[in-house]
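The structure presented is a predicted model; accordingly, all values stated were derived computationally and were not measured.
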Amino acid sequence: MRLEVRNVGGPEVAKSVEDLKAAVSAEIDFKGAEAVRVARQVLDTPEPGFREHRTAALVAQTLRAMGINCDEGIAVTGVKGFLNGGKAGPTIAVMGELDSLIVPGHPHADPVTGAAHACGHHAQIGSMVGAAIGLQATGVMDGLAGRVALMAVPAEEYIEIEYRNGLRREGTVEFLGGKPELIRLGHLDEVDIAMLTHTTGGPQGASFAVGGTNNGLVAKFVRFSGTAAHAGAAPHAGVNALNAAMIALSAIHAQRETYRDEDTIRVHPIITRGGDAVNSVPADVRMETFVRGKTIEAFQAASAKVDRALRAGAMAVGGGVTITTLPGYLPIRDEP
């Protein structure tokens with residue numbers, strides 16, 4: 001296959017796909033240290049979703065230093081720039097995710113926030129920058145049809161549900177994940193194919209592989225309400241919301257044997273607030289959880305069982321419960 005490449009101020013030359021690939025690889029070999037520098041800087045300044053302000057600023061600064069114009073503040077903190085090919089064609093998005101997890105024990109965790117790039121998103125940003133470096137090799141984009149959208153995506157990790165639900169309630173976002181927000185806002189309307197790289201946690205026998213399947217999910221923010229009372233002098237006057245939560249957790253565990261293996265249901269709640277003071281009967285207890293499954297039908301059925309368990313915990317102690325179920329991600333399957 002031959003591609004016509006026009007050099008500004010020079011004659012037309014023909015380059016094969018192999019020539020273009022070689023040019024991209026050589027450019028990355030020559031200038032790739034910049035991608036590594038950016039990845040290491042992101043690793044050292046982790047930020048959770050919709051708060052990746054330093055990370056987004058670094059990406060925007062890096063792209064502009066390479067001569068790539070970009071927009072900032074997309075879906076709160078996202079960044080998007082374009083490389084244009086020599087003629088019209090499809091738009092291919094190369095993505096990198098901006099956000100971190102909250103893992104206080106991680107060796108690279110922020111000592112104040114506990115944020116850490118335990119999922120390797122710093123490497124994704126480095127990979128995206130590396131792709132931009134390679135594609136800017138002389139003659140490469142002129143030899144390609146279409147555009148490459150370089151997209152730094154916020155809030156991939158679906159964490160801090162209470163905080164993000166607050167953003168939703170105030171109208172800052174509609175969805176709690178960055179990619180759904182990008183879709184809602186139309187930033188993927190012109191994209192024909194989107195791709196990104198992801199690190200893996202264990203040896204796979206190869207340096208590169210295509211990803212497999214993933215569960216879909218819904219997320220829940222749960223608030224148990226009780227009645228405060230002095231835990232030492234008058235516990236009988238209170239309604240213990242923490243006890244309601246503990247009963248609910250036990251009821252959720254009791255459901256596990258009802259899930260079919262082939263549905264790969266996963267439910268893993270955490271208590272984010274267990275009370276206010278040790279000498280006060282807890283009256284405000286909060287939980288967050290995912291309900292994951294291989295199909296929409298499977299995790300919807302499991303979600304109903306989880307709700308039933310949550311209500312049972314509240315009813316057992318005479319308290320109340322508010323369950324907010326939020327859309328998460330759809331299952332990714334190996335089907336064509």
Is the closest basic N to carboxylate O distance between [X] and [Y] below 4.0 Å?
X      : Y      : result
Glu34  : Lys31  : no
Glu18  : Lys21  : no
Glu181 : Arg164 : no
Arg286 : Glu162 : yes

With distance as the sole criterion, is a donor-acceptor pair present between the side chains of Thr77 and Glu52 under 3.5 Å?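 A donor-acceptor contact under 3.5 Å links the two side chains.
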Is the closest side-chain donor-acceptor distance between Lys220 and Thr325 under 3.5 Å?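 The answer is yes; a qualifying pair exists.
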For the [atom1] atom on [X], are there more than 12 heavy atoms of other groups (residues, nucleotides or ligands in this structure) within a distance under 6.0 Å?
X     : atom1 : result
Arg64 : CZ    : yes
Met66 : CE    : yes
Asn69 : CG    : no

Closest heavy-atom pair and its distance - Ala219, Tyr158: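 In this case the closest contact between Ala219 and Tyr158 is CB-CE2, 3.5 Å.
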Nearest-0.5 Å distance, CZ of residue Phe50 to CG of residue Leu98: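 Atom-to-atom, Phe50:CZ and Leu98:CG are 11.0 Å apart.
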Please determine whether side chain to side chain donor-acceptor pair (under 3.5 Å) holds for the pair Glu288 and Thr272, giving the CA-CA distance in whole Å, both sets of side-chain angles, and the decisive distance to 0.1 Å. CA-CA 7 Å; Glu288 297 181 5; Thr272 58; 4.6 Å; no
Check whether Val291 and Ile271 end up in the same hydrophobic cluster, where Ile, Leu, Val, Met, Phe, Trp and Tyr are linked by side-chain heavy atoms less than 4.5 Å apart.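 Yes: a chain of side-chain contacts under 4.5 Å links Val291 to Ile271.
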Ring-face cation contact, Tyr163 with Arg51, 6.0 Å cut, 45° max: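 The answer is yes; both the distance and angle limits are met.
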